[in-house]
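Quick one: the structure is below, questions incoming.
Counting from 1, the numbers follow the sequence of the chain as shown.
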Amino acid sequence: MTGGEPLVRVVRGEPDDFELAAVTVVVAALLAAAAEPVVVPEPRSGWADRSRTLGIPAQHAPGAWNS
């Protein structure tokens, strides 16, 4: 995009200043959110599973040994 092109162009309709400002804020927020890296949490140990203290049986994988 060159310096002379508008960032937003209205193709149809006549938005007022408030509507155009709202669209600009939404687009800017979406662009900012897309630029942030996604943080994936590390898997937790079975020792940190609070269901053990509540007496709730743990979820096992299909085919896992279960007494």
Side-chain angles (χ1 to χ4, degrees):
M1 193 159 80
T2 62
E5 295 179 19
L7 184 60
V8 177
R9 182 175 60 130
V10 178
V11 178
R12 186 181 315 161
E14 296 179 12
D16 61 9
D17 291 340
F18 295 111
E19 292 171 334
L20 195 55
V23 169
T24 304
V25 168
V26 170
V27 169
L30 290 173
L31 289 174
E36 295 178 10
V38 176
V39 178
V40 178
E42 293 184 22
R44 295 179 68 181
S45 164
W47 291 102
D49 186 7
R50 300 189 104 192
S51 67
R52 294 183 314 113
T53 61
L54 299 173
I56 300 171
Q59 301 295 324
H60 296 287
W65 181 78
N66 198 359
S67 61

Item to check | Which atom of Glu14 lies closest to which atom of Glu19, heavy atoms considered | outcome: O-OE1, 4.5 Å
Item to check | Contacts of type side chain to side chain contact (heavy atoms under 4.5 Å, CB included), residue Asp17, not counting sequence neighbours | outcome: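 For Asp17, no residue satisfies side chain to side chain contact (heavy atoms under 4.5 Å, CB included) once neighbours in sequence are set aside.
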Checklist entry - Quick one: which of Leu30, Val23, Thr24 gives a side-chain contact (heavy atoms from CB on, under 4.5 Å) with Val27? => result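 For Val27, the side-chain contact (heavy atoms from CB on, under 4.5 Å) test succeeds with only one of Leu30, Val23, Thr24, which is Val23.
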